[in-house]
Q: 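Take a look at the following structure, please.
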Amino acid sequence: MTVTATSVGESDDVRPRTASAPRGAHLQRLVPAATAALSGVLLYVSFPPRTLWWLALPAFAAFGWVLRGRGVKAGLGLGYLFGLGFLLPLLVWTGVEVGPGPWLALVAIEALFVALVGAGVAAVSRLPAWPVWAAAVWIAGEAARARVPFHGFPWGKIAFGQADGVFLPLAAVGGTPLLGFAVVLCGFGLCEVIRLAVDARRARAVRRSAALTALLGLAVPPLAALAALPLVSDKAETGTATVAVIQGNVPRAGLDFNAQRRAVLDYHARETERLAARVKAGKVPRPDFVLWPENSSDIDPFANADARVVIDRAAKAIGVPVSVGGVVARDGKLLNEQILWDPEKGPVDTYDKRQIQPFGEYLPLRSLLDAINEDWTGMVRQDFSRGGEPGVFTLAGVKVGLATCYEAAFDWAVRDTVTHGAQMISVPSNNATFDRSEMTYQQLAMSRIRAVEHSRTVTVPVTSGVSAIILPDGTITRKTGMFVADSLVQEVPLRSSETPATRLGVLPEIVLLLVAAGGLGWAVAAAARGRRAAAV
């Protein structure tokens, strides 16, 4: 490698500005566009249920390669193609039952955030140490996507594809923002290492500082993850608890699974009673408490005596507290509620889901959607209301934090259960709507990230699967199949200490947003100076 002390930016743009034939010009436009789209697909392939987490690195390396040195307009277009390549296959499950319209609309909107990120990466790509600025810009895009529109949609955060990766311990340091930043930085660092190697091979000058920055961008993230390993532990700090997770199954998959609401409730009660019989026979240990999934009782047990009897009978059979997922009407509001059911006292506590799903549990723009397609609005006849308090149940003396289904994707919705004393976390979910799609595996990976992020055991009771028990180090120790009735029983560690990620909360994300803003501000100022110099 030839190293010289050239001025900043002297060899930044590797694309020769030469005239070419029309056909060559067309190919020059087509190749970057195809590369952007295919690198997005490569990023998708890195996500669960596959364990190819490392493909995120070449995906971002290719994305950085096509963006580097380009203008903002080109960055917008290439970023949008990257977003489509990534999100179209990742979110295909959203159209399993409602058709391609909502799926394509969701992807079209979410890809706009990636387009803006592409423009930002292109803008900072001429700066020294550009991989750092570019990775921070990506996290800024994720932060925006997790908040708007309609309270955000964080699905597809880079961190959620890294449950099996070497970068995972960083979740305990700075949560999903730091974990995602490390992966993207490493990918862009790989891009810069390759670019400089190509320059050296062509006998082009390579700055020593650029070479050092590229190597650091590639090496620091995995080294930081190695240094964070002591934060990852599955050891008990406040004793253990024997937990039971119930998966009752549903009569059929799809949106109409809840047309047989009584059958779903009966299935979960029956599986609990089967577990009670196994406990009595000495085949499995007696659990300290039992966790049912979201929507396990879509019949309101406060308003329907028959539903109350079914749940009460199951709780008495097992003889321990049961957390039941119900749909409850109270004070004119419809609530997605977890109900703490004592075998002697009946319902003693509740938690109302706070982060409800747009277009699934409530319909924004209802009048507009009704004009487009009445079938869509008919699927959500009444909007669910939001809860206002963190969910922490005390079950047999154990504080269990609750993040219902969609809430697992939101950093704050999981963290505040731990800051309110949760010794373990439960993510009751209902994935029956999405059949056998990848959705359930993507969501399961989120729970694994949360386990490491907060160093807590995480249980995932699901109506139709995959239900699981996850240790605080992110390891799945028990899991069910899909669309089978089953129960999982295990003694799990309880923990009370807080990781740096839990203590810092949103601070790492704010720091990375400031880094992104600094890089973009520097790039804008540099471009303005360049225009003034050219005008002289």
Side-chain angles (χ1 to χ4, degrees), residues 93-98 155 245-272 290-301 307 311 322-328 334-339 350-362 379-387 391 402-410 413-414 425-447 458-468 479-488:
W93 52 267
T94 61
V96 166
E97 293 296 331
V98 296
W155 218 278
V245 169
I246 299 296
Q247 178 175 301
N249 203 10
V250 298
R252 57 181 176 269
L255 288 175
D256 63 347
F257 82 94
N258 59 1
Q260 297 186 30
R261 296 178 298 165
R262 178 54 190 268
V264 174
L265 172 57
D266 286 344
Y267 286 5
H268 285 83
R270 183 172 62 195
E271 191 60 34
T272 304
V290 174
L291 302 170
W292 284 15
E294 177 189 35
N295 297 127
S296 47
S297 178
D298 274 357
I299 302 175
D300 184 351
I311 298 171
V322 181
S323 179
V324 177
V327 173
V328 174
L334 190 64
L335 301 166
N336 186 335
E337 192 165 83
Q338 288 292 308
I339 307 164
T350 60
Y351 165 65
D352 299 324
K353 187 176 181 180
R354 295 170 292 161
Q355 189 68 40
I356 56 177
Q357 184 180 352
F359 306 102
E361 292 172 304
Y362 79 100
M379 293 174 189
V380 186
R381 294 184 178 86
Q382 180 182 351
D383 291 343
F384 281 81
S385 296
R386 298 175 184 276
L402 301 167
T404 305
C405 195
Y406 186 55
E407 291 182 321
F410 294 83
V414 181
I425 299 167
S426 184
V427 184
S429 302
N430 173 26
N431 297 341
T433 303
F434 305 107
D435 204 353
R436 297 181 182 273
S437 70
E438 294 183 357
M439 180 270 186
T440 191
Y441 300 102
Q442 294 170 9
Q443 190 177 52
L444 184 60
M446 292 179 193
S447 296
V458 177
T459 59
V460 187
V462 184
T463 49
S464 57
V466 173
S467 300
K479 67 177 181 178
T480 69
M482 294 186 73
F483 293 99
V484 294
D486 204 351
S487 61
L488 307 173

Q: To the nearest 0.5 Å, what is the distance between CG (L334) and CG (D383)?
A: 9.0 Å

Q: Does the side chain of V327 reach to within under 4.5 Å of the side chain of N295, using non-hydrogen atoms?
A: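 V327 reaches N295 side chain to side chain.
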
Q: Report the residues that fulfil side-chain contact (heavy atoms from CB on, under 4.5 Å) with D300, sequence neighbours left out, ordered by chain and then residue number.
A: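 For D300 the side-chain contact (heavy atoms from CB on, under 4.5 Å) partners, ignoring immediate neighbours, are F302, A303, N304, V328, A329.
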
Q: When rounded to the nearest 0.5 angstrom, what distance separates CD in Q338 from OH in Y351?
A: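 Between Q338 CD and Y351 OH, I get 9.0 Å after rounding to 0.5 Å.
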
Q: Okay, side chain of E337, backbone of T350: is any donor-acceptor separation there less than 3.5 Å?
A: no

Q: Quick one: list whatever passes side-chain contact (heavy atoms from CB on, under 4.5 Å) with T459, sequence neighbours left out.
A: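 For T459 the side-chain contact (heavy atoms from CB on, under 4.5 Å) partners, ignoring immediate neighbours, are V243, V245, L291, M424, S426, P461, I469.
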
Q: If you compare all heavy atoms of R354 against all heavy atoms of A413, which two are closest, and at what distance to 0.1 Å?
A: NH2-O, 3.4 Å

Q: How long is the span from the CG atom in N336 to the CG atom in N430, to the nearest 0.5 Å?
A: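 If I round to the nearest 0.5 Å, the distance is 9.0 Å.
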
Q: State, with a plain yes or no, whether a side-chain heavy atom of Y267 is found less than 4.5 Å away from one of V250.
A: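 With C-beta onward as the side chain, the pair stays apart.
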
Q: Could you measure the distance from the CZ atom of F483 to the CG atom of N431? Nearest 0.5 Å is fine.
A: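 Between atom CZ of F483 and atom CG of N431 there are 8.5 Å.
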
Q: Mind checking whether W155 and Q443 have side chains closer than 4.5 Å, heavy atoms only?
A: yes

Q: Restricting to side chain to side chain donor-acceptor pair (under 3.5 Å), what partner residues turn up for Q247, sequence neighbours left out?
A: S467, T480

Q: With sequence neighbours excluded, tell me which residues meet ring pair (Phe, Tyr, Trp, His ring centres under 6.0 Å) with Y406.
A: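 For Y406, the residues satisfying ring pair (Phe, Tyr, Trp, His ring centres under 6.0 Å) (neighbours in sequence not counted) are F410.
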
Q: For a quick test of reading the model, state the closest non-hydrogen atom pair linking V427 to A408 and the distance between them.
A: CG1-CB, 3.8 Å

Q: Restricting to side chain to side chain donor-acceptor pair (under 3.5 Å), what partner residues turn up for S464, sequence neighbours left out?
A: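 So S464 forms no side chain to side chain donor-acceptor pair (under 3.5 Å) with any residue.
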
Q: If every non-hydrogen atom of H268 is compared with every non-hydrogen atom of N249, which pair is closest and at what distance?
A: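 Closest approach of H268 to N249: CE1-O, 3.8 Å.
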
Q: Which heavy-atom pair separates S487 from I246 by the least distance, and what is that distance?
A: CB-CD1, 3.8 Å

Q: Between G248 and A485, what is the shortest heavy-atom contact and its length?
A: O-CB, 3.7 Å

Q: Taking only residues two or more places apart in sequence, or in another chain, which ones meet E294 in a salt bridge (charged side-chain N to carboxylate O under 4.0 Å, His left out)?
A: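 In terms of salt bridge (charged side-chain N to carboxylate O under 4.0 Å, His left out), with neighbours along the sequence ignored, E294 is linked to K353.
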
Q: Under a 3.5 Å cutoff, is there a donor and acceptor pairing between the side chains of W292 and T272?
A: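 Per modelled atom types, W292 and T272 side chains form a pair under 3.5 Å.
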
Q: Could you tell me which residues satisfy side chain to side chain donor-acceptor pair (under 3.5 Å) with T404, sequence neighbours excluded, listed by chain and number?
A: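 Applying side chain to side chain donor-acceptor pair (under 3.5 Å) to T404 gives none.
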
Q: If the condition is side chain to side chain donor-acceptor pair (under 3.5 Å), which residues does S296 pass it with, not counting sequence neighbours?
A: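 Listed in chain order: nothing, the list is empty.
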
Q: Give, for atom CE of M482 and atom OG1 of T440, the distance between the pair rounded to the nearest 0.5 Å.
A: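 Separation between the atoms: 5.0 Å.
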
Q: Name all residues meeting the salt bridge (charged side-chain N to carboxylate O under 4.0 Å, His left out) criterion together with D266; count only those two or more places apart in sequence or in a different chain, and write none if there are none.
A: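 Expected list: R262.
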
Q: Between A263 and P251, which heavy-atom pair has the shortest distance, and what is it?
A: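 So the two residues come closest at CB-CG, 3.7 Å.
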
Q: Under the side-chain contact (heavy atoms from CB on, under 4.5 Å) rule, collect the residues that match up with A445, sequence neighbours excluded.
A: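 side-chain contact (heavy atoms from CB on, under 4.5 Å) list for A445, sorted by chain: P48, A163.
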
Q: Which residues pass the side-chain contact (heavy atoms from CB on, under 4.5 Å) test with R386, not counting sequence neighbours?
A: H151, Q355, I356, Y362

Q: Answer whether the closest heavy-atom distance between the side chains of V324 and P301 falls below 4.5 Å.
A: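 SC-SC contact between V324 and P301 ruled out.
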
Q: Side chains of V322 and I311, heavy atoms from C-beta outward: is any pair under 4.5 Å?
A: no

Q: Would you compute the distance between atom CZ of F434 and atom CD of Q442 and round it to the nearest 0.5 angstrom?
A: 10.5 Å

Q: Just by distance, do the side chain of D435 and the backbone of S437 share a donor-acceptor pair under 3.5 Å?
A: no

